[in-house]
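Chain A is the first sequence line, chain B the second, and so forth, proteins listed ahead of strands; every chain is numbered from 1. Since we're looking at a predicted model, the values are computed, not measured.
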Amino acid sequence: MLLGLYNYWVVVVLMMVGFYIVIAHGNLVKKIVGLSIFQTSVFIFYISMANIDGATAPILADGIEKYSNPLPHVLILTAIVVGIATTALGLALTVRIKEAYGSIEEDEIQKQDNLDC
Amino acid sequence: MLIAATLAILAVMMMAISRAIMGPTTYDRVLAVNMFGTKTVLLISLLGFVMGRPEFLDIAIVYALINFISVIGVLRYSNRFVIKHSEQSKK
Amino acid sequence: MIVSSGFFLLIGSFLCLTGGLGILRFPDFYTRMHAVGVTDTLATAMILIGLILHNPDFLVDMKLMIILLMTIFISPTASHALANAAKYDELSMQKEKDNESDSELTSSNP
Amino acid sequence: MVVAFAIVRMKDLLAVVMLLGIYSLLSASFFVAMDAVDVAFTEASVGAGISTLLMLVVISMTGRSEHPSRHKPLLALAVVTVTGSLLIYATLDMPYFGSAEAPIHQHVAPRYINDSMQEIGVPNIVTSVLASYRAFDTFGEVVVIFTAGMGVLALLSVVRRSDSSLNNDIFDHSMHEQHLILRIVTKMMIPYILLFAFYVQFHGDFGPGGGFQAGVIFAAAIFLYTMLFGMSTARRVINQSFIQMLAATGVLLYGSVGVVSLLNGKEFFDYSALAADPVAGQHLGILLVELGVGITVASIMIIIFFNFVGRRNNPLRKENKGY
C-alpha cells in the first residue's frame with residue numbers, strides 16, 4: 001500500500017544527501033556538487049510525477065493512446081540547462097575565490113577575513 | 001530474451017558502480033565510468049525495444065558521443081593535474 | 001530471425017557479465033583494463049547486432065548501425081587513451097603510486 | 001530506482017575524489033530515461049558531458065584534496081534527518097507513483113496531448129509545449145542562460161595572453177604527440193558530431209531533441225576539439241568576440257520572432273501570425289525559436305568553457321613561477 005510512494009522516498013533521500021553535503025562540508029566545490037545532487041532530486045521528482053502506468057513518451061504516433069504528461073518534461077528540460085548555467089556561475093565564483101584567498105575551504109576564508117578586519 | 005539481456009546489463013552496471021566506489025586509483029574509476037557509459041548506451045537501446053518504441057535511439061547515440069568526450073576530458077585534465085600534484089609533493 | 005537475434009543477445013549478455021566480473025575481481029589496473037577493453041566492444045557489437053536482427057524497421061536499423069560504428073571507433077580509442085595515460089603516469093610516478101592510492105582516503109602528505 | 005540508492009550510498013562515501021560526479025549524472029540520466037526521452041536527452045548531453053568537464057577544469061585549478069574538518073557533522077545530520085522525515089511524512093498525501101488520476105494529469109496536460117496536433121502540427125508534444133504554448137517561459141530560460149554566461153564572462157574573462165603563452169603551447173604540443181590515435185579518431189568524429197547536432201536541432205519537431213540539446217552537443221564537439229588541439233588552436237577557429245555576438249544573436253532571434261507576431265496583430269509569441277496558414281506559421285515559429293535557443297545555448301556553453309580553460313592556463317603559470 002505504502003509502497004506506491006517509493007519514488008518520493010528516493011527523491012527525499014537524494015535530496016537530503018545533497019542537503020547534508022551543502023551543510024556539512026566546507027569545500028566550496030563539494031558544496032556545488034551537493035547542490036547539483038539536490039537539483040537532480042528535484043528533476044527526478046518532477047519526472048516521476050509525470051509518469052503514468054502503461055504510458056509512453058509524449059511523441060505522437062499511431063496506435064498509442066496513453067502518453068506521459070509532457071508539461072513536467074518541458075519544465076525540467078529547461079531547468080537542466082539553466083542548472084548547468086548557474087552551476088557554471090558558481091564554479092566561476094569559486095575560481096575567483098580561490099584566486100583571491102588561495103583556498104576554497106570555508107573556515108580558512110573566514111579566518112582570512114577576520115585577519116583582514 | 002530482451003529482458004534477460006537488460007537484466008544482465010543492469011548487473012554489470014552494478015559491478016561497475018562498485019568498482020568505481022572502491023577503485024584504488026583514479027584510472028580505475030575512469031575505466032569504470034567508461035564501461036558504465038557503454039553499458040548505458042546498450043541499456044537505453046534495449047529499453048527502447050522492451051518498451052516497444054524503438055524510435056528513440058538518438059539518445060543512445062548522444063550517450064556514446066558524450067561518454068567518449070567525458071573520458072577524454074577526464075584524462076586530459078586529471079592527467080595534467082596528477083603531474084602537477086606529484087611535482088608539488090616532491091617539493 | 002528471432003532465434004538468431006536471441007542467440008546474439010545471449011552471447012552479448014554473457015560477454016558483458018564476463019567483463020563485469022573481470023572489472024570486479026582482477027587484481028590490478030592493467031588486468032582490469034584488459035577485461036573491460038576486450039569484452040566491452042565485442043559485447044556491444046553482439047547486442048546491437050541482436051537488436052538489428054530483431055527489428056525490421058529500416059530507420060531504426062540505421063540508427064543502430066550508427067551506434068555500432070561509433071562504438072567500434074570510440075571504445076578501443078578510449079581504452080587506448082586510458083592505458084596510455086596510465087602508462088605515462090606510472091612511469092613518472094612509480095614511487096608515488098602507493099602515496100597516490102592513499103591520498104584518496106586521507107590527505108596525509110608530509 | 002535501485003541504482004539511485006546505490007548512488008546515495010556512494011555519494012556519502014566519496015569524500016575527496018570528484019570523478020564520481022560523472023557517475024551521479026550518468027545514473028540520474030539513466031534513471032530519467034525510464035519515461036521522458038527529451039529530458040533524458042538533455043540530461044545526457046548536459047549532465048554527463050558538460051558539467052563534468054567544467055567541474056574537472058575547476059578542480060584542476062583549485063586542488064583536489066578536501067580538508068576533512070567537518071565541523072558539527074552531528075548537528076547537520078540532525079537537521080537533515082528532521083527535514084527528511086518531515087518530507088517523507090508529507091509524501092504520504094501524494095498520489096501513487098504512476099497513477100493516472102493524479103491531479104497533475106488533470107489540469108492542462110490533456111489539452112496539450114489531445115489538441116496540440118491540430119493546433120501546432122508537431123508530433124513531439126514536448127517541443128510544441130516548449131516553443132509554442134510556453135514560449136514565454138522558454139524565453140525567460142534563454143535569457144537566464146545568457147545572463148549566466150555573461151556573468152561567467154565578467155568573472156573570468158581572460159587577460160590578454162602574456163609571454164607565458166609560448167611556454168604553454170609547447171607543453172600542449174608535447175601532450176598531443178602522445179595522443180596520436182586519439183587525435184586521428186577525434187578528427188574523424190568531430191564532423192559527425194556536428195552533423196548530428198544539426199540533425200537533433202531540426203528533427204526536434206518529430207523526435208526527441210531541439211534547440212537546447214543541439215546547442216549542447218554542438219558545444220561538446222567544440223570542447224573535444226579544444227581539449228585535444230589546445231586552446232590557442234581552438235581560439236583561432238572560433239573567435240571569442242564572434243561567439244559573444246552569436247550568443248546575443250540567438251536571444252535576439254528568439255525575441256524578434258515574438259515581436260514580429262506582435263506587429264502582425266497577434267499576441268507576443270503567437271506564431272500563427274507568421275504565415276497565412278496558422279499551422280504552417282506555428283511550424284515556422286517553432287523552427288526559428290529553436291534555432292535561436294540552439295545558437296544561444298551553444299555559444300554560451302562555449303564561452304563558459306573557453307573562459308574556464310583560459311583562466312586555468314594563465315594563473316597556473318603564475319603560481320609555478322611563484323615557487
Side-chain angles (χ1 to χ4, degrees), chain B residues 9-10 13-14 16-18 20-34 36-37 39-41 43-45 47-48 50-51 53 55-85 87-89 91, chain D residues 2-3 6-7 9-10 13-14 17 19-20 22-23 26-27 29-30 33-34 37-38 40-41 44-50 52-53 56-57 59-61 63-65 171 175 179 182 185-186 189 192-193 196 199-200 203 206-209 213 216-217 220-221 223-224 227-228 312 316 320 323:
Chain B
I9 286 173
L10 277 177
M13 279 168 120
M14 295 306 280
I17 288 181
S18 53
I21 298 169
M22 295 190 301
T25 63
T26 313
Y27 293 109
D28 277 308
R29 289 170 208 266
V30 181
L31 182 65
V33 167
N34 184 17
F36 193 81
K39 292 297 168 292
T40 316
V41 173
L43 185 73
I44 287 176
S45 28
L47 271 181
V50 171
M51 295 193 303
R53 298 203 63 182
E55 296 99 334
F56 307 135
L57 287 167
D58 300 347
I59 307 166
I61 301 178
V62 175
Y63 263 89
L65 292 175
I66 292 294
N67 185 30
F68 179 61
I69 290 174
S70 60
V71 168
I72 302 294
V74 171
L75 289 177
R76 178 94 166 92
Y77 291 115
S78 69
N79 195 8
R80 235 208 225 178
F81 177 68
V82 167
I83 293 167
K84 188 178 161 254
H85 189 77
E87 272 169 13
Q88 267 180 354
S89 56
K91 279 170 194 170
Chain D
V2 184
V3 177
I7 300 298
R9 284 263 162 70
M10 190 186 68
L13 276 177
L14 74 96
V17 179
L19 219 62
L20 300 184
I22 302 173
Y23 235 98
L26 211 59
S27 314
S29 37
F30 145 70
M34 292 301 204
V37 268
D38 272 282
F41 215 129
S45 41
V46 171
I50 308 244
T52 314
L53 281 182
L56 276 168
V57 176
I59 282 177
S60 71
M61 273 193 281
R64 172 156 137 204
S65 60
F171 186 61
M175 283 294 289
H179 294 317
L182 219 60
V185 172
T186 310
M189 296 300 296
Y192 294 106
I193 299 180
F196 184 67
Y199 164 76
V200 170
H203 195 255
F206 305 100
Q213 294 93 330
V216 173
I217 294 169
F223 289 5
L224 188 57
M227 282 189 294
L228 281 171
R312 176 170 174 275
L316 213 67
N320 282 357
Y323 273 116

Among the options B:Leu65, B:Val62, B:Ile61, pick out the one with the most heavy-atom pairs lying under 4.5 Å from chain D. B:Val62
Smallest separation among heavy atoms of D:Ala221 and B:Ile69, with atom names: N-CD1, 4.5 Å
Partners of D:Tyr199 by side chain to side chain contact (heavy atoms under 4.5 Å, CB included), sequence neighbours excluded? B:Asp58, C:Lys63, D:Phe196, D:His203
To the nearest 0.5 Å, what is the distance between CD1 (B:Ile66) and CG (D:Leu224)? 9.5 Å
